[in-house]
A.B. asks: 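Just dropping this structure here.
Proteins get letters first, then strands, A, B, ... in listed order; numbering begins at 1 in each. Keep in mind it's a predicted model, so treat the numbers as computed, not measured.
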Amino acid sequence: MTFFINPAFWIVAVVVYILLSIETSHKASLRFGFINLFALNVLLGWKIALAALLAVALFWATISFTLKYCNPQNRNRSLAGFSILTIVTVLFLFHKMNLQGSDWIKTIQAIAPWMRADLFLTFLAGLSFSYIFVRCADALHCVFWKNCPLMNPLSLFGYLLPFHMLLSGPVNAYEEHLAMDQTTSENEPMLDRVLLILNAITTGLFYKFVVAESLRIYFYGSNSEMIVSGWSDSAILAVYIFFDFAGYSRVARGLGLLYRVPTPENFSAPFLAVSVTDFWTRWHMSMGQFVRRNLFTPIQLNLVRAVGIKNAGWVSLATMVVSFGFVGLWHRISLTWVLWGVAMGLLMTIEKHIQTFAMRKGWSRSPWVQNTLPWIGPIYANAVLIASVRFVAEEIF
Amino acid sequence: MNEERFFYIKLKTPLSIWQTTGILSWILIKLTLIASMIHQSAGEFIYAGF
């Protein structure tokens with residue numbers, strides 16, 4: 001899916017901007033949902049756009065029907081929320097298990113050819129379902145457990161499948177998308193704002209098509225695969241992934257700012273991080289925020305309530321391992337990625353204990369620590385990054 | 001590499017003619033470099049279809 005070098009994408013992007021600029025009495029999220037449907041129709045074809053709309057309508061109808069019969073005090077409400085989440089999770093697992101062409105799919109096709117399981121997998125991959133899955137989870141958490149209102153189907157379509165974030169995120173928050181109906185446009189000079197956003201979008205394209213691609217062509221040749229066989233390859237791949245993913249994210253965020261559709265930031269100078277914990281607040285930030293909102297905080301609160309504050313240390317370790325175990329599995333359903341997630345969780349728990357210990361002893365105020373941390377920290381964090389890229393390298397592509 | 005400095009610019013006053021010219025020139029330079037590289041690029045993003 002060569003979205004950003006396809007002229008049709010940029011024509012659609014401009015048309016969407018013009019259409020969104022037309023003032024109407026309708027809510028901003030509804031207008032974006034409707035125009036987004038047009039954009040997906042042009043970019044992916046009417047069959048895929050219609051199928052995606054019907055899937056979102058089914059998701060919306062299921063939630064709406066459930067909410068109608070479960071008031072906020074009803075204990076069945078949580079059960080209903082978990083049931084819908086389980087169905088979405090099964091679809092996610094179906095998508096992530098690389099079943100295309102497998103014996104399992106061939107068996108399903110032989111038993112029930114009308115199901116077109118092969119087409120369904122292509123459909124999920126074409127929509128980058130991993131991102132839709134986390135958006136669905138965020139929406140369910142907000143509606144069932146935080147009592148947020150349910151958006152109308154078209155607004156929900158705009159939230160779950162925004163055309164400018166379709167390829168690979170970022171992971172936008174349900175509550176932020178809801179809030180776009182309340183925000184009013186600031187009195188900024190419009191042409192200057194557009195110019196600065198265009199500057200950001202072209203910087204994103206520059207990251208990907210000039211920096212990342214030059215790096216790839218210089219080290220691996222224009223038609224070769226990026227194979228990791230040593231530590232230097234891991235370092236090159238880490239830098240390549242940054243310029244590829246940060247470039248994409250900046251283009252998506254620039255378009256989001258242009259349309260005034262909440263599109264979170266994804267990177268903030270990750271190579272300057274002073275620890276692994278700090279690194280994960282700077283790399284794929286929207287995913288980190290999703291994990292904090294929907295896994296880390298709720299699990300930690302419930303576990304502390306269940307086992308007591310005296311066991312907070314063990315709770316913190318378990319929560320961190322579960323949260324990053326999920327991040328690992330989200331990348332790929334494999335033992336390598338689970339181990340990667342568990343190792344990250346353990347490392348961050350160790351860092352937390354070291355930080356607490358240093359604060360108790362007063363070492364964190366020492367001038368020696370304050371002077372050396374800004375350069376020792378990034379060396380340590382980048383060494384961990386390179387080691388982790390080498391560990392999962394064979395399963396990145 | 002830090003996105004924040006690009007997006008948290010609050011435009012209280014309009015850009016001067018020099019600032020506008022500078023940004024426009026920088027955009028054009030980037031677009032020229034992108035155009036020269038685009039035919040050599042695979043075009044795919046690493047997380048596409050994720």
A.B. asks: Select one option (side chain, backbone, both, neither) describing which atoms of B/Leu31 are under 4.5 Å from chain A's heavy atoms.
C.D. replies: side chain
A.B. asks: Please round to the nearest 0.5 Å and tell me the distance separating atom CG of A/Asn199 and atom CH2 of B/Trp26.
C.D. replies: 8.5 Å
A.B. asks: What residues form a salt bridge (Lys or Arg N to Asp or Glu O under 4.0 Å) with A/Arg390, not counting sequence neighbours?
C.D. replies: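 Testing A/Arg390 for salt bridge (Lys or Arg N to Asp or Glu O under 4.0 Å), a comparison that skips the adjacent residues, returns none.
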A.B. asks: Out of curiosity, B/Phe45 CZ to A/Ser128 OG, how far, rounded to the nearest 0.5 Å?
C.D. replies: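 It is 12.0 Å, given to the nearest 0.5 Å.
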A.B. asks: Work out which heavy atom in A/Leu195 is nearest to a heavy atom in B/Ile27; give both atom names and the distance.
C.D. replies: O-CD1, 3.8 Å
A.B. asks: A/Phe129 versus chain B, heavy atoms under 4.5 Å apart: side chain, backbone, both or neither?
C.D. replies: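 It is the backbone, since no side chain atom gets that close.
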A.B. asks: Which bit of A/Ile217 comes within less than 4.5 Å of chain B, counting heavy atoms only: side chain, backbone, both or neither?
C.D. replies: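 The answer is the side chain of A/Ile217.
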A.B. asks: Hey, what's the ring geometry for B/Phe50 with A/Tyr131, parallel, tilted or perpendicular (30° and 60° as the breaks)?
C.D. replies: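 B/Phe50 vs A/Tyr131 ring planes: tilted.
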A.B. asks: So how far is it from A/Lys208 NZ to B/Met37 CE, rounded to the nearest 0.5 Å?
C.D. replies: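 That separation rounds to 10.0 Å.
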A.B. asks: How about residues 16-25 of chain B versus chain A: which residues have heavy atoms under 4.5 Å apart?
C.D. replies: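 B/Thr20, B/Ile23, B/Leu24, listed by number.
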A.B. asks: Quick one: closest heavy-atom pair of B/Lys30 and A/Phe206, and the distance?
C.D. replies: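 The answer is CG-CD1, 4.0 Å.
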A.B. asks: Please enumerate all residues that pass side-chain hydrogen bond (donor to acceptor under 3.5 Å, both in side chains) together with A/Ser334, with sequence neighbours excluded.
C.D. replies: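 Only A/Glu395 meet the side-chain hydrogen bond (donor to acceptor under 3.5 Å, both in side chains) criterion with A/Ser334.
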A.B. asks: Select one option (side chain, backbone, both, neither) describing which atoms of A/His331 are under 4.5 Å from chain B's heavy atoms.
C.D. replies: both
A.B. asks: According to side-chain hydrogen bond (donor to acceptor under 3.5 Å, both in side chains), who are the partners of A/Lys96, at least two apart in sequence or on a separate chain?
C.D. replies: A/Ser130
A.B. asks: Is a donor on one side and an acceptor on the other found under 3.5 Å between the side chain of A/Asp192 and the backbone of B/Leu15?
C.D. replies: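 Indeed, once roles are kept as given, a pair shorter than 3.5 Å links the two residues.
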A.B. asks: Rounded to the nearest 0.5 Å, what's the gap from CD1 on B/Ile38 to CZ on A/Phe209? Could you check?
C.D. replies: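 B/Ile38 atom CD1 to A/Phe209 atom CZ measures 5.0 Å (nearest 0.5 Å).
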